[in-house]
Structures are given as structure tokens and as C-alpha cells.
Number of protein chains: 2
Amino acid sequence: MLNQPSPLDLTFQALADPTRRALVERLVRGPASVSELAQPLDMSLPAVMQHLAVLESSGLVRSEKVGRVRTCRIDGGTLSLAEQWINQRRMEWASRLDRLGQYLETLKNQGEEP
Amino acid sequence: MLNQPSPLDLTFQALADPTRRALVERLVRGPASVSELAQPLDMSLPAVMQHLAVLESSGLVRSEKVGRVRTCRIDGGTLSLAEQWINQRRMEWASRLDRLGQYLETLKNQGEEP
DNA sequence: CGGTTGGTTAAGCATGTGCTTTAGTATTCC
DNA sequence: GGAATACTAAAGCACATGCTTAACCAACCG
């Protein structure tokens, strides 16, 4: 991860931490301020901000500051980017198993018929 | 991640590395030996094995050794576990936006009718 | 104005991660 | 048996991560 990490790197890395997933779980229910997000978590405010920075640099979360309160919200597009990557692999994996099954079926039938 | 990490932690962590995603992309096309997996990668064999160990401890990959060659294959279940987590958040996020849209629609109609 | 609230910055520290090299151990081939 | 193959184990190192505490700043409140 030395040479600038890809969006996918950043997104999966962001999701790899339980605290950050908890933040995402909170934010899918609607926007929230930094201290609202920090309140249920058992760590210092700066720690929460660092987690938010990770989420934001991955694109999973966007935020804007008005007055002295920063409001954070989910970016669904980034979420679905990660989902798509997994989905495509799983699809390819499943279709390969399918072809394999069909092939084994033809072998079985060849053994029965003649 | 000090106190034993959850399957989701391990899986997203495993997917956060481009080399490991490349290994997964290779393995969805079918099983392969360690050295087959290492061949296209620009790093030492032990490094590849460490990546495989990460994938295996997450459950994304299983492997068995027969003779002197270890054959690795994808576990689709673990892949879909990660996919489901994302999908559920994205669904919840989308349905909230939907309710919000409907609410705004009713507000608009109330303004027009009377 | 002065205090509280909400957030930010910086520094420091323990532990984790992603490699490397070097030195093995089994298997299989001739 | 001896060489080649396929993997494994161990140690070490540079850098990243996930916290902490101790200031600090800016906006609102009375």
C-alpha cells in the first residue's frame, strides 16, 4: 500500500475495522454530527475523528461543516463499488462451478448410454 | 483488532490488499497450487504464502496439501458473507432515501392543493 | 466579555503489516 | 542415493494503524 492505494484498497481497509463499520451502520440510518457519532463509542473524540478521516478518504463518507458542527453522511456509490467487486468474483466462481457440474453430468451420461 | 477479530474484520482486511484480491481473482477461475499463484506476482514465494495465510485465516480460501503440492481454492460462502454485510447497509441506506423522497413529495403536494 | 460546546492539531507509543533473506523439510524424479 | 521441486519456518526491518493525551481554535450562549 506504499504506491497510492486504489479506491478498492481504501474502501475494504476502511470496512475492516469494527468501529468504522459501526459508524457506517449508524450513518446509513441518516446523517450525524461528529459528537453524535462519538457518543456511543468507548474511545476519545480524536480517535473517532481519525476513523472518520479513514472513512472519508475512502469515499464511504462525506461531510460538511456548517458553523462549528460537522455533519457526516454515507456515500452509497462507494459502498456499491465494493459490493460489485465481491459480487463479480462470486458470480464468476458460481458460474465456473456450474460449468463443472454440467461437464460431470455429460461424463456420467456418456458412461450410461452405450 | 487486539481482541480476537471477527470474521468480517478478517475478510475485509484480507480484501484490502491488491495482491490478495489478485489471488482471489485468480482462484475464482479454479483451484491452483502455491507456485502457480506466485508465478505472475512480483514478490518472493514466502511473501505469497503469507498472503495466502491471511486469505485462509479469513476463510476466503481453503487449501489442502497432497504430496508436496498445496492446492488452494475459493470458499464462496465467506465471499458472500462480506457481500451481504455491504448489501444490507446499502439497502437500508437506499430505503431511507426513498422514505425521505416520499416525505418531501407529500410536503410538495400539501403546498399545491389547498 | 468570558465560558461552554464542538471540533481540530500534534506528538508519542505499542502493535500490526508486508515484505525480505536465509535456512530449512518433505517429495518426486533419474 | 542425489538432485531438483515445492513448500515452510524464522528472523529482521521499514512503515502503517489505532489509540492516547495535551494543547488549541472557533462559534454560540448568557
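Just so we're on the same page: letters track the sequence lines, and every chain starts at 1. These values consider heavy atoms only, across backbone and side chains, with no hydrogens, waters or symmetry-generated copies.
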Pick out the pairs of N or O atoms, protein on one side and nucleotides 27-30 of chain C on the other, that lie under 3.5 Å.
| from | atom 1 | to | atom 2 | distance (Å) |
| --- | --- | --- | --- | --- |
| C:dT27 | O2 | B:Arg68 | NH1 | 2.8 |

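B:Ser95 pairs by the side chain to side chain contact (heavy atoms under 4.5 Å, CB included) definition with B:Arg99, not counting sequence neighbours. Here A:Arg70 pairs with nothing under the salt bridge (Lys or Arg N to Asp or Glu O under 4.0 Å) rule; sequence neighbours left out. Take A:Thr71 and apply the side chain to side chain donor-acceptor pair (under 3.5 Å) test, not counting sequence neighbours, and it matches no residue. Under the salt bridge (Lys or Arg N to Asp or Glu O under 4.0 Å) criterion, B:Arg68 pairs with no residue at all, not counting sequence neighbours.
Atom CE of B:Met91 sits in a sparse spot, with 12 or fewer heavy atoms from other residues, nucleotides or ligands closer than 6.0 Å.
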Check: residues 26-41 of chain B side-chain donor-acceptor pairs under 3.5 Å, at least two apart:
| from | atom 1 | to | atom 2 | distance (Å) |
| --- | --- | --- | --- | --- |
| B:Arg26 | NH1 | B:Gly30 | O | 3.0 |
| B:Ser33 | OG | B:Glu36 | N | 3.2 |
| B:Glu36 | OE1 | B:Ser33 | N | 2.9 |

Scan the side chains in residues 75-85 of chain A for donor-acceptor partners under 3.5 Å anywhere in the protein, sequence neighbours excluded, and list what turns up.
| from | atom 1 | to | atom 2 | distance (Å) |
| --- | --- | --- | --- | --- |
| A:Asp75 | OD1 | A:Gly77 | N | 2.9 |
| A:Thr78 | OG1 | A:Gly59 | O | 3.0 |
| A:Ser80 | OG | A:Gly77 | O | 3.1 |
| A:Glu83 | OE1 | B:Arg90 | NE | 2.5 |
| A:Glu83 | OE1 | B:Arg90 | NH2 | 3.2 |
| A:Trp85 | NE1 | B:Glu25 | OE2 | 3.1 |

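Residues of residues 35-43 of chain A that place a heavy atom closer than 4.0 Å to DNA chain D, in numerical order, are A:Met43. If you check residues 44-60 of chain A against DNA chain D, the residues with a heavy atom closer than 4.0 Å are A:Ser44, A:Pro46, A:Ala47, A:Gln50, A:His51, listed by number. Applying a 4.0 Å cut-off to non-hydrogen atoms, the residues of residues 20-28 of chain A that approach DNA chain D are A:Arg20, listed by residue number.
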Open item on the list: I'd like to know whether A:Ile74 forms a side chain to side chain contact (heavy atoms under 4.5 Å, CB included) with A:Val24, so could you lay out the CA-CA distance, the side-chain angles of the two residues, the decisive distance to 0.1 Å, and finally the verdict.
Closed with: CA-CA 7 Å; A:Ile74 283 286; A:Val24 169; 3.8 Å; yes
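The distance between atom CZ of A:Arg70 and atom P of C:dT9, rounded to the nearest whole Å, is 9 Å.
Under 4.0 angstrom from either OP1 or OP2 of D:dT8 there lies at least one side-chain N or O belonging to B:Lys65.
Taking five base pairs at each end of the helix from C:dC1-D:dG30 to C:dC30-D:dG1 and finding the rotation axis that steps the C1' atoms of four pairs onto the next four gives two axes whose angle is 20°, to the nearest 10°.
Listed by first and then second residue, the side-chain hydrogen bond (donor to acceptor under 3.5 Å, both in side chains) pairs that reach into residues 44-55 of chain B are B:Arg20-B:His51, sequence neighbours excluded.
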